[in-house]
Amino acid sequence: MAETYDLIVRGGQAWTTAGLVPVDIGVRGGKFAALGDLPASAAGTVVDATGLTVLPGVIDSQVHFREPGLEHKEDLESGTRGAVLGGVTAVFEMPNTKPSTLNADDLAAKLNLARGRAWCDHAFYMGGSAENVEHLPALERLPGCCGVKVFMGASTGTLLVPDDATLDRILAHGSRRMAVHCEDEERMNARKALAQAPGATPHLHPVVRDVESALLATQRLIRLARKHARRVHVLHVTTEEEMLFLRDHKDIATVEATPQHLTLAAPDCYDRLGTFAQMNPPIREARHREGLWRAVRDGTVDVIGSDHAPHTREEKSKPYPGSPSGMPGVQTLLPLLLDHLNAGRLSLARLVDLTSAGAARIFGLAAKGRIALGYDADLTLVDLAARREITESWMATKSGWTPFAGMTVTGWPVATIIRGNVVMRDDVLLGTPIGTPIRFVDTLSKEG
């Protein structure tokens, strides 16, 4: 008698633990239940993947969805809607909301806001600061928490940790891998006057927040992380110098890059986009972009996160330096990487490692990140040959814009499947939001 499944994805080339193979995928109870030739099997839903490449569900390990407190820019519904339209099945959301995520009640409030509104699976960072340092060992182990995030340079409220004494205390309190924004606040403050000169433009942004400010902070972090034997994750690395330094510290530090820093370069991006190219750390000149690509190819980079950080057009149109830093990115993460794949800048194996397996490995996701029996049935189906223009009308973000508008890419996400549920097909959302909190190996005992 033929097996019966809730879902079968049939006829595609799937990236499994055996590499890229022609295989049908059977799903039951939200988990991968069969990989093989399933022509006679029945299913409640059958997805025809003929001509498509079936990838493990894409995970975006850094997004700012602005809720609570800044919902005019984005919220959990609109942000996750953009995620699934872009082929993303899970996200890690950052703590610099209003209020900041600093205690158990803040985390519970975010989880409650996401319930029934988040289109994809999700977890939230706990902010690390001087005011909650003693409680971090317990806070980082709460269900739905992906770890602790520290801002060494410019952030909101008490989330800024500019000094080594406080950073040292935070590193000493906890055991999970800690994510860090590395820019040296003291050096950047000393250079702020450069941006105050009459006629200042965003071209000065990578001068004010220079290479040395990034490298100094990264070196400080690694020195203190070694003191406490604490695993750290260095977010959105932008400089060739940092990559060369981090290459020698991979035993304790993992590394993130963003599609923006791998795609754009100064001064061209500031010539074309002005303040809309402004983000922290900055887009830098081409030599750094090439340094990042070398780090992608040699394995220094562990994961790609979008650092999705939207602001409204009105906010971004303010004269520099009064314009806020950040740009939308969750929806364009995969199209940009697929385009780079087609251009020969990375392999399919590397793309999968950077967008799913890498995040699962370094953050300890429970049963996510690969197509294997017993894992959550998260899939991203892509057409590697499709040529599409990125348009602002396609964007779900409340901010309504993207720095990549008008760019034609080769490779496009055509379906998003989360725990066996087809939530997007051919740019159309299906059903209602079904996102649930991501489970982590480090906190399974707490989750039951």
Side-chain angles (χ1 to χ4, degrees), residues 64 94 96 100 127-131 133 149-171 178-225 227 232 234-246 249 253 256 258 260-261 264-267 269-270 274-275 277-289 291-292 307 309 311 315-316 318-327:
H64 302 259
M94 289 293 167
N96 54 334
S100 301
S129 77
E131 74 178 69
V133 61
K149 161 73 179 289
V150 167
F151 294 83
M152 293 176 70
S155 186
T156 55
T158 61
L159 282 179
L160 178 61
V161 180
D163 61 294
D164 282 0
T166 305
L167 181 61
D168 184 273
R169 291 178 62 213
I170 293 172
L171 287 162
M178 190 176 87
V180 187
H181 176 133
C182 290
E183 289 185 286
D184 190 277
E185 184 73 2
E186 183 177 358
R187 181 174 177 84
M188 291 190 299
N189 282 337
R191 298 175 67 79
K192 275 183 180 177
L194 295 172
Q196 306 297 333
T201 72
H203 293 76
L204 285 170
H205 200 55
V207 178
V208 175
R209 307 177 83 100
D210 67 348
V211 171
E212 191 66 16
S213 68
L215 182 61
L216 275 173
T218 298
Q219 291 172 331
R220 288 167 49 211
L221 171 67
I222 298 303
R223 183 178 69 252
L224 292 173
K227 173 183 174 182
V232 292
V234 187
L235 296 163
H236 43 46
V237 176
T238 63
T239 72
E240 180 183 27
E241 285 84 346
E242 285 175 282
M243 288 298 187
L244 292 171
F245 172 75
L246 288 165
H249 299 279
E256 176 196 273
T258 81
Q260 295 92 307
H261 294 106
L264 303 173
C269 65
Y270 302 110
T275 51
Q278 180 186 332
M279 65 180 295
N280 299 335
I283 308 293
R284 305 187 190 278
E285 61 266 34
R287 82 161 178 95
H288 292 290
R289 182 176 61 185
L292 300 188
D307 194 14
H311 302 280
E315 290 166 335
K316 290 293 286 185
K318 292 178 181 178
Y320 183 80
S323 46
S325 294
M327 60 182 72

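All residue numbers refer to positions in the sequence shown, counting from 1.
We find the CG-SG distance between Leu215 and Cys182 to be 10.0 Å, quoted to the nearest 0.5 Å. Summarising the geometry, atom CG belonging to Leu246 is positioned 9.0 Å from atom CD belonging to Gln219; distances are rounded to the nearest 0.5 Å. Rounding to the nearest 0.5 Å places CG of Leu235 at 12.0 Å from CE of Met152. In this structure, Leu160 CG and Ser100 OG are separated by 11.0 Å, a value rounded to the nearest 0.5 Å. Atom CG of Asn96 and atom NZ of Lys149 lie 6.0 Å apart (nearest 0.5 Å). The distance from atom CE of Met279 to atom CD of Gln260, rounded to the nearest 0.5 Å, is 4.5 Å.
Checked against side chain to side chain donor-acceptor pair (under 3.5 Å), Asp163 has the following partners two or more places apart in sequence or in another chain: Thr166. Scored by the side chain to side chain contact (heavy atoms under 4.5 Å, CB included) test, Pro319 finds no partners at all (sequence neighbours excluded). Remark: Thr275 engages Pro202, Gln278, Tyr320, Ser323 in a side chain to side chain contact (heavy atoms under 4.5 Å, CB included) (not counting sequence neighbours). Listed by chain and residue number, Glu183, His236 satisfy the side chain to side chain donor-acceptor pair (under 3.5 Å) test with His181 (two or more places apart in sequence, or in another chain). Partners of Arg223 according to the salt bridge (Lys or Arg N to Asp or Glu O under 4.0 Å) rule, which considers only residues two or more places apart in sequence or in another chain, are Asp164. With sequence neighbours excluded, the residues satisfying side chain to side chain contact (heavy atoms under 4.5 Å, CB included) with Glu315 are His72, Lys73, His311, Thr312, Pro324. Taking Glu256 as the reference, nothing meets the salt bridge (Lys or Arg N to Asp or Glu O under 4.0 Å) condition, with sequence neighbours excluded. Remark: Glu240 pairs with Arg287, Arg294 by the side chain to side chain donor-acceptor pair (under 3.5 Å) rule, at least two apart or across chains.
Smallest separation of non-hydrogen atoms from Pro162 and Arg220: O-NH2, 3.0 Å. Minimum heavy-atom separation, Ile222 to Ala253: CD1-CB, 3.6 Å. Nearest heavy atom pair, residue Asn280 against residue Ser325, reads OD1-OG, 3.0 Å. Closest non-hydrogen pair, Cys269 versus Leu264, comes out as CB-CB, 4.2 Å. Across all non-hydrogen atoms, the minimal contact from Val211 to Arg284 is N-NH1, 3.7 Å. Taking every heavy atom of both residues into account, Gly127 and Leu159 meet most closely at CA-CD2, 3.6 Å.
Taking 4.5 Å as the limit, every side-chain heavy atom of Arg209 sits out of range of all side-chain heavy atoms of Pro281. Put simply, the side chain of His288 does not reach to within 4.5 Å of the side chain of Thr238, judged on heavy atoms. Put simply, the side chain of Val161 does not reach to within 4.5 Å of the side chain of Arg169, judged on heavy atoms. Taking 4.5 Å as the limit, some side-chain heavy atom of Asp307 sits within range of a side-chain heavy atom of His64. Using a 4.5 Å heavy-atom threshold, the side chains of Leu171 and Lys227 count as separate. Residues His261 and Ile283 have side chains in contact (heavy-atom distance under 4.5 Å, counting atoms from C-beta outward).
Listed by first and then second residue, the salt bridge (Lys or Arg N to Asp or Glu O under 4.0 Å) pairs that reach into residues 191-208 are Arg191-Asp210, sequence neighbours excluded.
Annotation for Glu186: atom CD does not count as buried by contact number, only 12 or fewer foreign heavy atoms lying within 6.0 Å.
Between the side chain of Lys316 and the backbone N or O of Gly326, at least one donor-acceptor pair lies under 3.5 Å.
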